[in-house]
Amino acid sequence: MAARYNITPGSLHVIQGEHFAIEVQGNVYGFLRPFSKHFRNRVWVVNPAQRRQDAMKNAIAAALLERANDAGENEASLVFPPRVALLLRATFFYHRPNSHFITGRTRHVTNLRPGSTDIDMINPPDLDNMVKFIMDRPLEGVVYGNDRTIVKIVIEKLWDDRDECTGRTDITVDLRHRV
């Protein structure tokens, strides 16, 4: 079953060629290492994260297409031209465990246990795998042409602190300077 990623309404902000920002609801589970399968003298590489990556890419592409249609265009184009240096900022907000909430109350940020807001998110997945997850498929070919144009990355991993604390990812890509 593929993961579900939804775009938070009103969170897509685009200035063509300069700025892209979006909030995606749902947790990023990290980039799982590809492996090879062998069968009858054939070898092929399997990417176990591909379905999740494609689900996120489709959600972002649909939001960009809807924006293009609202502007009277038939199709969405890349946000950034191919030969520019880009800055990627990503903040991963993770689904809080039940132990962070007061027993017997609904899952809501107002029902967090005292002290649970000070806990750092040190659980898996690793930050480097999470960045690979969003750079390799969901953004490549939709927001920018190739991930080699990313020259600086700023990332953070936190517990979610909004509403039911179910998890989300904030992604921002900005023009760093022209090459």
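One-based numbering along the sequence shown. Just so it is clear, the values below take in all heavy atoms, side chains as well, and ignore hydrogens, waters and symmetry mates. Please read all numbers here as calculations on a predicted model, not as lab measurements.
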Checklist entry - Parallel, tilted or perpendicular: which fits the ring planes of F133 and Y5, with parallel below 30° and perpendicular above 60°? => result tilted

Checklist entry - Do I171 and L139 come close enough that some side-chain heavy atom pair is under 4.5 Å? => result yes

Next on the checklist: Looking only at the side chains, is there a donor atom on one of E23 and T8 sitting less than 3.5 Å from an acceptor on the other?
Outcome noted: yes

Donor-acceptor pairs under 3.5 Å, side chain of residues 144-153 to any protein atom, not counting sequence neighbours: which ones?
unit_1: Y144; atom_1: OH; unit_2: M135; atom_2: O; d: 3.3
unit_1: N146; atom_1: OD1; unit_2: R148; atom_2: N; d: 3.0
unit_1: T149; atom_1: OG1; unit_2: N146; atom_2: O; d: 2.9

Item to check | Whether Q16 side chain and L78 backbone form a donor-acceptor pair below 3.5 Å | outcome: yes

Checklist entry - Rounded to the nearest 0.5 Å, how far does CD of Q50 lie from CG of D136? => result 11.5 Å

Next on the checklist: Set out, in order, the CA-CA distance, both residues' side-chain angles and the distance that settles side chain to side chain contact (heavy atoms under 4.5 Å, CB included) for Q25 and T166, then state yes or no.
Outcome noted: CA-CA 8 Å; Q25 297 171 343; T166 55; over 6 Å; no

Checklist entry - Of the non-hydrogen atoms in W159 and N123, which two are nearest, and what is the gap between them? => result CH2-ND2, 3.5 Å

Item to check | Minimum heavy-atom distance Q53-K132, with the two atoms named | outcome: NE2-O, 4.1 Å

Checklist entry - Can you tell me how far the NE2 atom of H19 sits from the CG atom of L175, to the nearest 0.5 Å? => result 11.5 Å

Item to check | Exceeds 12 heavy-atom contacts within 6.0 angstrom, atom CZ of R113 | outcome: yes

Next on the checklist: Through direct or indirect side-chain contacts below 4.5 angstrom among Ile, Leu, Val, Met, Phe, Trp and Tyr, which residues connect to F101?
Outcome noted: V109, L112

Checklist outcome for this item: Value for CG (N27) from OG1 (T169), rounded to nearest 0.5 Å, stands at 7.0 Å

Checklist entry - So do the side chains of L12 and F20 get within less than 4.5 Å of each other, counting heavy atoms only? => result yes

Item to check | Taking every non-hydrogen atom, the tightest pair across T117 and R96 | outcome: CA-NH2, 4.1 Å

Checklist entry - Counting only N and O atoms by type, is there a donor-acceptor contact under 3.5 Å from the side chain of K157 to the main-chain atoms of D126? => result no

For a quick test of your reading: what N or O donor-acceptor pairs under 3.5 Å do the side chains of residues 56-73 make, sequence neighbours left out?
unit_1: K57; atom_1: NZ; unit_2: E140; atom_2: O; d: 3.2
unit_1: N58; atom_1: ND2; unit_2: D54; atom_2: O; d: 3.2
unit_1: N69; atom_1: ND2; unit_2: L65; atom_2: O; d: 3.4

Next on the checklist: Is there a side chain to side chain contact (heavy atoms under 4.5 Å, CB included) between T172 and H13? Walk through the geometry before answering.
Outcome noted: CA-CA 9 Å; T172 305; H13 302 284; over 6 Å; no

Checklist entry - With ILVMFWY side chains joined below 4.5 Å, transitively, what does L158's cluster contain besides itself? => result F93

Checklist entry - When you look at I7 and V24, which way does the side chain to side chain contact (heavy atoms under 4.5 Å, CB included) test go after all the steps? => result CA-CA 5 Å; I7 306 304; V24 183; 3.9 Å; yes

Item to check | Hydrophobic cluster identity match, I102 and I119, side-chain contacts under 4.5 Å | outcome: no

Checklist entry - Can you name the closest pair of heavy atoms from V79 and I15 and give their distance? => result CG1-O, 4.4 Å

Item to check | Sequence-distant partners of D160, salt bridge (charged side-chain N to carboxylate O under 4.0 Å, His left out), two or more places apart | outcome: R168

Checklist entry - Checking E164 side chain against H108 main chain: does a donor-acceptor pair fall under 3.5 Å? => result no

Checklist entry - For L87, what are the other residues in its hydrophobic cluster, where any two members join if their side-chain heavy atoms are less than 4.5 angstrom apart? => result V154

